[in-house]
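Step one of this worksheet: look at the structure below.
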Amino acid sequence: MLRLYETRSREVVDITGSAGQLKMYCCGPTVYRDAHVGNLRTFLLSDLIVRAARLSGLGVTLVQNITDVGHMATDLEDKILSQSKVEKIDPFEIAKKYEERFHADLARLNILPADLYPRASESIELMISAIEKLVENGSAYIGTDGNVYFDAQSFPTYGAISGNRLDALKPGYRFEASEDGAKRFHADWALWKIAHDRTQMVWQTPWGLGFPGWHIECSAMSLAHLGQSVDLHVGGIDLRFPHHENERAQSNALTGLETVTHWIHGEHLLFEGRKMSKSAGNVVLVQDIIDRDLDPLSARFAFLENRYRSQMDLTWASLKAAHSTLKRWRSVVAAGGTSSAVESDAEMEQAFFNDLDTPKALQRLRAIEKDAQINPARKRALFLFADQVLGLDLTRVPEAKVLTSEQEVLLQSRQEARLRKDFAESDRLRGLLEANGLAIHDGPEGQSWS
RNA sequence: GGUGGAAUGGCCGAGAGGCGAGGCAAGGGACUGCAAAUCCCUCUACACGGGUUCAAAUCCCGUUUCCACCUCCA
């Protein structure tokens, strides 16, 4: 049985689902720019949970939202609208563009698609009716500025996920000036904001023309698509507060139930010692990895070498190491034939189920790789078993490179030089070929390249 | 100030009371005309101070340092 660390109870708990089914929600991207590999680490977490849960025999339904409206950078400045100004194209085009690129990046990291990707902009009615219900039942109110706010103090267990207490939250910290005084309490948050001068991405509601707050979208979409009971809610550690705390308050106030059974959070990725962020200037995109001639799955491999709930420091050195191990393992798998037979391994299975102990599973694979007692076909079957969860595409056979005519000429001349034992010329040509992107190997049967 | 974590060799990183994970880098060797690749070998650590124990990197107390969150964040 799969076991995971649960944030609210701070314990490793059994993941049982109900009636053999697991309902999962993973907070998705705000589509105003490319996802960097740090963002993708979180989506990899949900992918690992899905894969491990399926291995444990559960059926999984995964819903991941696309935030294409309502995510404020500062008050009244929507991230997508500001990017739309930068790129000088329609905000919905911005959202569409980056949503497509998000899906492409997921595919490059072998992250299985969710069952449903609801868009915030297409869920406005769900949010409006959720907000109406919250106002009706006294969980929300209309502030003096016309915005609708959630009343944090009306929700008794606020803070259960993050450990923050309402009375300990620093009042006034990064307080938005325009909201000053409009809210009853500093920790209240906006469910719906009045448009004022804003003309794009606004909707008509009972409270006037406006747009939704960020937190309400996940409550509205998860309740609509997964129902009143969600087994697992996954996201990055930074969403623990305030996003998930607020979401829990909203959802529970709507359903009268503990809507989400387990909250699961992935830790942050650091790059060369610092949190990956635009302001630190250390953002790495999947494309950057590809541009350095590394397999994008090297990033996946590097992530798997660390437990999901420890901060990890990614470096180019670790990506290069991952890349070469990946190549070596693919040749181990290829050497084992072409069978798709899978042999399960208790030790690896235990590692996966024990709170996604992927480092241990990789260690076990390294031991299998070295074990002379295991024949190549069995090695292949064991690696294929692991790959169901690891998703490293270990059966991939390297594509044969197509030689340019220039490369063919160089190879031919080198072969002739070698027959003449003209090693100076042979070495010169090797240098040219390497500059040309071909690695040359000389063996007993002559030269080969890759 | 509140909250959640972390500290292991040149570097990255598992391990959670008892035979020194593994990887990368480096050095040596085999192979090679020379390389590359591959294979073999070598190097060996648990932040600090106390305590518990036959036995502590691992448990307890304290200290120091670092990271993250506290209303933009994966």
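Throughout, a chain's letter reflects where its sequence line sits, starting with A, and its residues are numbered from 1. Side chains included, hydrogens not; waters and symmetry mates left out as well; all remaining heavy atoms used.
A:Lys421 places its NZ atom 13 Å from the C1' atom of B:rC34, with the value rounded to the nearest Å. Rounded to whole Å, atom C1' of B:rC67 lies 7 Å from atom CG of A:Leu270. Put simply, CD on A:Gln311 is 12 Å from C1' on B:rA7, counting in whole angstrom units. Taking atom CG on A:Leu294 and atom C1' on B:rC24, their separation rounds to 14 Å, with Å as the unit. Residue A:Leu438 contributes atom CG, which lies 22 Å from atom P of B:rA35 at whole-angstrom precision. Protein atom CD1 of A:Ile237 is 11 Å distant from nucleotide atom P of B:rC70, rounded to whole Å. Across the protein-nucleic acid pair, A:Leu419 atom CG and B:rG33 atom P stand 14 Å apart, rounded to whole Å. Nucleotide B:rC24 holds its P atom 12 Å from the NZ atom of A:Lys320, rounded to whole Å.
You'll find that the side chain of A:Leu269 is closest to B:rA74, out of B:rA37, B:rG33, B:rA74. The side chain of A:Arg414 lies closest to B:rG33 when the candidates are B:rC69, B:rG4, B:rG33. The side chain of A:Ser426 approaches B:rG33 more closely than any other nucleotide in the set B:rA14, B:rA37, B:rG33. Nearest nucleotide to the side chain of A:Arg33, out of B:rA74, B:rG15, B:rG33: B:rA74.
Applying the 3.5 Å distance criterion, the base of B:rA74 shares a donor-acceptor pair with the side chain of A:His268. The base of B:rC34 sits with one of its N or O atoms less than 3.5 Å from a complementary donor or acceptor on the side chain of A:Asp442. Counting distance only, with no hydrogens placed and no angle test, the side-chain atoms of A:Arg430 and the base atoms of B:rC34 include a donor-acceptor pair under 3.5 Å. Scanning atom types as modelled, one donor and one acceptor separated by under 3.5 angstrom connect the side chain of A:Asp427 and the base of B:rG33.
Taking side-chain N and O atoms only, A:Arg364 has no distance below 4.0 Å to OP1 or OP2 of B:rA14. Residue A:Asn164 places none of its side-chain N or O atoms closer than 4.0 Å to OP1 or OP2 of B:rC69. An OP1 or OP2 oxygen of B:rG5 is reached within less than 4.0 angstrom by no side-chain nitrogen or oxygen of A:Tyr308.
Between A:Asp78 and A:Lys85 no salt bridge is recorded (no basic side-chain N to carboxylate O distance below 4.0 Å). Comment: A:Glu267 does not engage A:Arg309 in a salt bridge, judged by the lack of any side-chain N to carboxylate O separation of less than 4.0 angstrom. Under 4.0 Å is where a charged nitrogen must lie from a carboxylate oxygen, and between A:Asp145 and A:Lys193 no such pair does. Ion pairing of A:Asp14 with A:Arg3 is present here, as a side-chain N (NZ or NE/NH1/NH2) and a carboxylate O approach within less than 4.0 Å.
Using a 4.0 Å heavy-atom distance criterion, A:Gly235 is classed as a sugar-phosphate-only contact. Among the atoms of the strands shown, only primed sugar atoms or phosphate atoms (P, OP1, OP2) are found under 4.0 Å from some heavy atom of A:Asn306. Within 4.0 Å (heavy atoms only), A:His265 reaches no atom of the nucleic acid at all.
The separation of B:rC12 from B:rA25, taken at their C1' atoms, amounts to 10 Å, rounded to a whole angstrom. Nucleotides B:rA14 and B:rA45, compared at atom C1', are 13 Å apart to the nearest Å. Between B:rG13 and B:rA7, the two P atoms lie 10 Å apart (nearest whole Å). When the C1' atom is compared between B:rG20 and B:rC43, the two are found 13 Å apart, to the nearest whole Å. A distance of about 26 Å separates the P atoms of B:rA68 and B:rC60, rounded to the whole Å. Nucleotides B:rA57 and B:rA16, compared at atom C1', are 9 Å apart to the nearest Å.
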Inset, instruction - Map every base of RNA chain B to its dot-bracket character, where paired means a Watson-Crick or G-U wobble contact with both distances under 3.5 Å and | marks a partner outside the strand. - result: (((((((..(((.....[...))).(((((.......)))))....(((((..]....))))))))))))....

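Of the two residues near RNA chain B, A:Ala317 and A:His36, the one whose nearest nucleotide lies more 5' is A:Ala317. Toward the 5′ end of RNA chain B lies the nearest nucleotide of A:Asp357, the other residue of the pair A:Glu434 and A:Asp357 mapping further downstream.
The salt bridge (Lys or Arg N to Asp or Glu O under 4.0 Å) test with A:Arg300 singles out one residue from A:Asp105, A:Asp295, A:Asp47, and that residue is A:Asp47. Each of A:Ile440, A:Asn436, A:Leu438 was compared with A:Leu410 under the side chain to side chain contact (heavy atoms under 4.5 Å, CB included) criterion, and only A:Asn436 meets it. When the options A:Lys379, A:Lys360, A:Arg364 are evaluated for a salt bridge (Lys or Arg N to Asp or Glu O under 4.0 Å) with A:Asp345, the one that passes is A:Arg364.
Using the six-membered ring where Trp is involved, A:Trp189 and A:His215 have ring planes that are perpendicular, over 60° apart on the 30 and 60° scheme. The aromatic rings of A:Trp192 and A:Trp207 lie tilted to each other, with the angle between the two planes from 30° to 60°. Relative ring orientation between A:Tyr158 and A:Phe155 is described as perpendicular, the plane-to-plane angle rising above 60° on a 0-90° scale split at 30° and 60°.
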Sub-3.5 Å pairs of nitrogen or oxygen atoms, protein against nucleotides 21-23 of chain B:
residue, atom, partner, partner atom, Å
B:rA21, O2', A:Gln363, NE2, 3.4
B:rA21, N3, A:Gln363, OE1, 3.1
B:rG22, O2', A:Arg366, NE, 3.2
B:rG23, OP1, A:Lys370, NZ, 3.1

Inset, instruction - Show the numbers, then the answer: is there a ring pair (Phe, Tyr, Trp, His ring centres under 6.0 Å) between A:Trp329 and A:Phe383? - result: CA-CA 8 Å; A:Trp329 282 4; A:Phe383 271 74; 5.4 Å; yes

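For A:Lys96, the NZ atom is loosely surrounded, since the number of other residues' heavy atoms within 6.0 Å does not exceed 12.
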